[in-house]
Amino acid sequence: TDGFTCTTTDDEGNYALTSTKKAQFVYLSTPAGYEFAHEGGIARFYQSIEHEKEEFQADFKLTALSMNDERHAFILWADTQMISKADSEELLKTAAPDTRKLVDSLKEKMPVHGIGCGDLVWDKFELFDDYKEAVGMTGAPFFQVIGNHDMDLDARTDEHSAATFKQLFGPNYYSFNRGKIHYVVLDDVFFIGTAKKYIGYITENQLSWLEQDLSHVTPGTTIVLSVHIPTITGAAERNEAKEASLGGTVANRDQLYALLAPFKVHIMSGHTHFNETYIISENIIEHVHGTVCGAWWTGPICYDGTPNGYGVYEVNGGDISWYYKATGHDKAHQMRIYPVGTMAEKPDALLVNVWNWDPQWTVEWIEDDVEKGAMERITTYDPLSWDMHLGADKPERHGWIEPQLTDHIFTVNPSKTAKNISVRATDRFGNVYTERISLEA
């Protein structure tokens with residue numbers, strides 16, 4: 001494809017494509033069964049078009065994988081978002097080696113790749129080199145998504161806002177394949193011509209291209225679609241807002257969903273600095289990821305109490321299972337318990353934040369080894385975020401950070417004589433996570 005027209009090769013790999021002066025790249029939707037070409041971990045699946053020539057030849061070499069890729073895994077990094085060298089150093093000494101350890105544990109069994117889901121830096125383009133260094137440390141080839149902080153803020157229009165990103169990482173929308181999964185990346189950050197002003201919106205060029213791209217994909221196939229701004233979240237409902245934020249969701253999401261309707265779809269997004277699994281329809285799930293940088297590298301958590309971390313997805317055929325990996329913790333770290341009395345409005349309540357909860361999870365409690373059943377889910381603030389972020393003086397480095405409402409908090413009132421409480425969270429895949437707290441003084 002050149003980003004406007006898609007074509008296929010013949011049985012010998014030959015192809016022809018009539019392009020326009022608007023096209024910047026010719027690029028390949030890497031087929032299943034082959035390695036992802038990369039340089040230091042940065043995916044290289046494209047060539048710049050030489051417009052001074054009437055005809056231009058671009059050849060792509062495919063190298064077969066050494067193992068079957070119907071089982072594979074991918075890592076989703078949302079918002080590494082460094083604004084300083086100190087931030088970069090944190091990324092390089094925490095998330096990058098943590099991810100490398102995980103990749104090493106997986107790649108002997110299956111191929112592994114990564115997706116950087118936008119806001120790779122925080123407007124400081126000189127830090128892209130640090131991002132690339134961090135990716136290189138992971139041991140997995142990474143595909144990139146453009147975020148609102150990866151755009152050229154002096155651009156005249158949206159069409160030119162991805163100029164630097166394209167120089168470094170190639171096209172801002174594309175597809176690739178691994179096993180039975182078709183992967184798509186789109187640019188849903190629409191720059192409106194003033195620095196730091198944007199809306200969530202997918203251009204007609206991309207929707208037209210996506211329609212062509214998906215015409216080569218069998219209906220019923222599992223699609224993994226990565227964007228930076230979520231197509232939708234539950235934030236408006238939690239905050240009792242009349243409508244979703246234009247800068248926090250995609251305005252023309254319904255048109256996107258219509259194109260995706262024949263497929264089984266997982267949408268991957270970041271941007272929000274909170275973690276949420278949003279069920280859009282029977283066939284579309286959105287994974288809004290907690291961030292690698294947490295609350296902008298000011299501490300160990302995001303707005304909603306989710307630990308700094310990233311998504312881990314394991315694929316078997318067309319089926320995908322997932323969990324959230326907290327940086328510096330093992331897979332079992334899936335909740336945080338707050339003792340009775342932590343929340344002033346509920347002085348007798350014990351609270352639990354289960355950050356990767358979705359409606360197919362169960363969260364139950366056990367009091368002194370007696371099963372008590374399901375806990376109540378409420379919408380409130382995470383107590384640790386409240387303590388770390390509330391007020392103009394906290395956190396010290398970025399005082400504008402404030403806690404945000406979340407709906408993955410669970411609560412119960414233990415009996416006055418209770419000595420120990422255990423919480424058991426079971427995810428949609430049957431994985432059981434347990435934490436225990438003593439109520440004795």
Q) When the ring centroid of Y46 is compared with that of F25, is the distance short of 6.0 Å? A) yes
Q: Decide yes or no on side chain to side chain contact (heavy atoms under 4.5 Å, CB included) for M67 and K109, but give the supporting numbers first.
A: CA-CA 9 Å; M67 61 179 76; K109 300 175 287 186; over 6 Å; no
Q: In plain terms, say whether D69 and K180 are close enough for a salt bridge, that is, a side-chain N and a carboxylate O under 4.0 Å apart.
A: no
**Q.** Side-chain heavy-atom pair Y310, L102 within 4.5 angstrom cut-off
**A.** yes
Q) Checking R253 against Y201: charged group under 6.0 Å from the ring centre and within 45 degrees of the axis? A) no
Q. Does a donor on one side chain and an acceptor on the other come within less than 3.5 Å for D382 and N353?
A. yes
Q. Would N316 and E70 satisfy side chain to side chain contact (heavy atoms under 4.5 Å, CB included), going step by step from the backbone distance to the final call?
A. CA-CA 6 Å; N316 188 359; E70 289 197 10; 5.7 Å; no
Q: Would you mind reporting whether H149 and Q81 have side-chain heavy atoms less than 4.5 Å apart?
A: yes
Q. How are the rings of Y433 and W361 set to each other: parallel, tilted or perpendicular (split at 30° and 60°)?
A. parallel
**Q.** R238/E276 ion pair, N-O < 4.0 Å
**A.** yes
**Q.** Test item: T434 and V423 side chains (from C-beta on) under 4.5 Å apart, heavy atoms
**A.** no
Q. Would a 4.5 Å heavy-atom cut-off, applied to side chains only, mark V250 and L256 as touching?
A. no
Q | Check: W322 ring centre within less than 6.0 Å of F429 ring centre | A | yes
Q: State whether a side-chain donor-acceptor pair under 3.5 Å links T164 with D152.
A: yes
Q | Spacing of L65 atom CG and M110 atom CE [to the nearest 0.5 Å] | A | 13.5 Å
Q. For the side chain of N283 and the backbone of K264, is there at least one donor-acceptor N/O pair under 3.5 Å apart?
A. no
Q: Examine the side chains of E367 and S415 and answer whether a donor and an acceptor come within less than 3.5 Å of each other.
A: yes
Q: Establish, from distance only, whether the side-chain atoms of H271 and D79 form a donor-acceptor pair under 3.5 Å.
A: no
Q) Q404 and H389: side-chain donor and acceptor closer than 3.5 Å? A) no
(Q) Any heavy-atom pair between the side chains of M343 and P383 that's under 4.5 Å? (A) no
Q.
For W296 and W400, I'd like to know if the aromatic rings sit close, meaning centre-to-centre distance below 6.0 Å.
A. yes
**Q.** Shortest non-hydrogen contact from Q212 toward C6
**A.** OE1-N, 3.1 Å
Q) Can R156 be said to sit on top of F191's aromatic six-ring, NZ or CZ under 6.0 Å from centre and within 45° of the ring axis? A) no
Q: Report yes if the side chains of W122 and D150 come closer than 4.5 Å at any heavy-atom pair, otherwise no.
A: no
Q. Is there a donor-acceptor contact under 3.5 Å from the side chain of Q360 to the main chain of D358?
A. no
(Q) Please verify the inter-ring angle class for F74 with Y313; under 30° counts as parallel, over 60° as perpendicular, anything in between as tilted. (A) parallel
Q: Quick one: pull up OG1 in T249 and OH in Y278 and give me the separation to the nearest 0.5 Å.
A: 10.0 Å
Q | Gap between atom OG1 of T194 and atom CG of L153 - 0.5 Å precision | A | 10.5 Å
Q. Is any side-chain heavy atom of I223 less than 4.5 Å from a side-chain heavy atom of V217?
A. yes
Q.
Measuring from atom OG1 of T291 to atom CG of N308, what distance do you get when rounded to the nearest 0.5 angstrom?
A. 6.0 Å
Q) W77 vs Y131 aromatic rings, parallel, tilted or perpendicular, using cut-offs 30° and 60°? A) perpendicular
Q. In a check of ring-ring contact (aromatic ring centres under 6.0 Å, His included) between F176 and each of F45, F143, Y34, which one passes?
A. F143
Q) So, F4 versus W209, ring centres under 6.0 angstrom or not? A) no
Q) Do the side chain of D427 and the main chain of G430 share a donor and acceptor less than 3.5 angstrom apart? A) yes
Q | Distance in Å, T272 OG1 paired with H228 NE2, rounded so as to fall on 0.5 Å steps | A | 9.0 Å
Q. So F125 and F128, would you call those rings parallel, tilted or perpendicular, with 30° and 60° as cut-offs?
A. tilted
Q: Decide whether R436 and S422 meet the rule of one side-chain donor and one side-chain acceptor closer than 3.5 Å.
A: yes
Q: Quick one: pull up CG in D387 and NZ in K394 and give me the separation to the nearest 0.5 Å.
A: 5.0 Å
Q: Compute whether any side-chain donor of one residue and acceptor of the other, for D213 and H182, lie under 3.5 angstrom apart.
A: yes
(Q) Using side chain to side chain contact (heavy atoms under 4.5 Å, CB included), reason through S269 and E286 one step at a time and then give a plain yes or no. (A) CA-CA 7 Å; S269 57; E286 177 133 10; 2.8 Å; yes
Q | Chi angles and distances behind the ring pair (Phe, Tyr, Trp, His ring centres under 6.0 Å) call for H113, Y183 | A | CA-CA 12 Å; H113 67 278; Y183 290 85; 4.9 Å; yes
Q. Should H408 and R377 be marked as a side chain to side chain contact (heavy atoms under 4.5 Å, CB included) after you check the CA-CA gap, both sets of side-chain angles, and the distance that decides it?
A. CA-CA 7 Å; H408 46 66; R377 184 170 64 92; 5.6 Å; no
Q.
Pairing donors with acceptors under 3.5 angstrom, does anything connect the side chains of N177 and S29?
A. yes
